[in-house]
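Computed from a prediction, not measured in an experiment: that's the story for all the values here.
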Amino acid sequence: MVIVGNEILGKPANNDEAKEMLRKISGRKHQVVTGVCLTTTEKQHCFSVSTDVTFKNLTEKEIEYYVETYSPLDKAGAYGIQEWIGYVGVTALEGSYFNVMGLPVQRIWEELNNL
């Protein structure tokens with residue numbers, strides 16, 4: 001999920017909602033939080049990973065281009081950091097890049113090694 005201010009942004013239902021979400025994160029820092037649960041036949045271990053992402057002020061033209069050209073509807077916060085909008089929009093990242101992509105691989109590796 002994406003958290004901007006006190007608001008949780010999930011996946012947008014349509015292009016208009018995707019544009020609104022991108023306007024909300026434009027020029028701001030937000031958090032991307034991924035919940036993970038590792039389960040074996042004997043136990044379960046759950047945790048979350050949070051990454052701070054800062055976007056530049058996006059122009060309306062940039063927002064419209066991204067929404068019309070890419071697939072924001074299957075992404076929390078309506079963006080993929082590994083896509084064009086991430087290349088031109090992200091100005092700072094504190095934490096795991098792969099967490100923002102959707103799976104905090106490094107932390108999962110550490111947790112698996114500790115099981």
Side-chain angles (χ1 to χ4, degrees):
M1 76 177 98
V2 170
I3 303 169
V4 59
N6 292 323
E7 187 174 1
I8 295 173
L9 305 179
K11 295 177 182 178
N14 54 51
N15 283 356
D16 288 337
E17 194 172 300
K19 291 175 188 177
E20 185 58 32
M21 287 183 182
L22 291 170
R23 289 182 196 108
K24 286 179 182 180
I25 63 173
S26 176
R28 297 181 68 184
K29 179 188 284 190
H30 62 276
Q31 290 73 46
V32 177
V33 181
T34 304
V36 178
C37 197
L38 302 173
T39 304
T40 70
T41 56
E42 299 170 2
K43 62 182 169 180
Q44 188 174 65
H45 176 61
C46 300
F47 59 92
S48 63
V49 176
S50 180
T51 303
D52 290 337
V53 181
T54 304
F55 263 85
K56 73 174 192 126
N57 285 312
L58 299 167
T59 67
E60 194 61 28
K61 186 175 180 181
E62 289 169 330
I63 291 171
E64 289 180 20
Y65 171 77
Y66 179 71
V67 171
E68 300 302 326
T69 307
Y70 292 85
S71 302
L73 303 185
D74 65 340
K75 297 167 184 73
Y79 78 92
I81 194 168
Q82 71 278 15
E83 296 176 336
W84 176 82
I85 197 79
Y87 304 154
V88 302
V90 174
T91 59
L93 182 118
E94 300 168 52
S96 170
Y97 175 84
F98 292 103
N99 181 53
V100 181
M101 284 183 60
L103 190 66
V105 179
Q106 188 277 331
R107 174 74 185 273
I108 291 172
W109 176 253
E110 293 301 316
E111 296 292 339
L112 286 170
N113 282 320
N114 291 329
L115 281 179

Please say which of Lys61, Glu60, Glu62 ends up in a side chain to side chain contact (heavy atoms under 4.5 Å, CB included) with Leu58. Glu62
Could you tell me whether a side-chain N or O of Thr69 sits under 3.5 Å from a main-chain N or O of Tyr65, the two making a donor and an acceptor? yes
Nearest-0.5 Å distance that lies between atom CD in Glu20 and atom CD1 in Ile63: 9.0 Å
Between Asn99 and Val33, is there a donor-acceptor pair closer than 3.5 Å when you use the side chain of the first and the backbone of the second? no
First locate atom CG of Asn14, then atom CG of Leu73, and finally report the distance between them rounded to the nearest 0.5 Å. 7.0 Å
Do Gln44 and Thr39 meet the criterion of a side-chain donor-acceptor pair at a distance under 3.5 Å? yes
Centroid-centroid distance, Tyr79 to Phe55, less than 6.0 Å: yes
To the closest 0.5 Å, what do you measure between CD (Gln31) and CG (Asp52)? 4.5 Å
Drop me the distance from Ser50's OG to Met1's CE, to the nearest 0.5 angstrom. 9.5 Å
Scan Met21, Glu83, Met101 and name whichever one has a side chain to side chain contact (heavy atoms under 4.5 Å, CB included) with Lys75. Glu83
The complete set of disulfide bond (SG atoms under 2.5 Å apart) pairs with one or both residues in residues 26-115, sequence neighbours excluded, reads Cys37-Cys46
Would you call the rings of Tyr66 and Trp84 parallel, tilted or perpendicular if under 30° counts as parallel and over 60° as perpendicular? parallel
Is Thr51 reaching over with its side chain to a backbone N or O of Ser96, donor-acceptor style, under 3.5 angstrom? yes
Do Lys11 and Glu17 meet the salt-bridge criterion of a basic N to acidic O distance under 4.0 Å? no
Other residues, nucleotides and ligands only: do more than 12 of their heavy atoms fall within 6.0 Å of CZ on Phe98? no
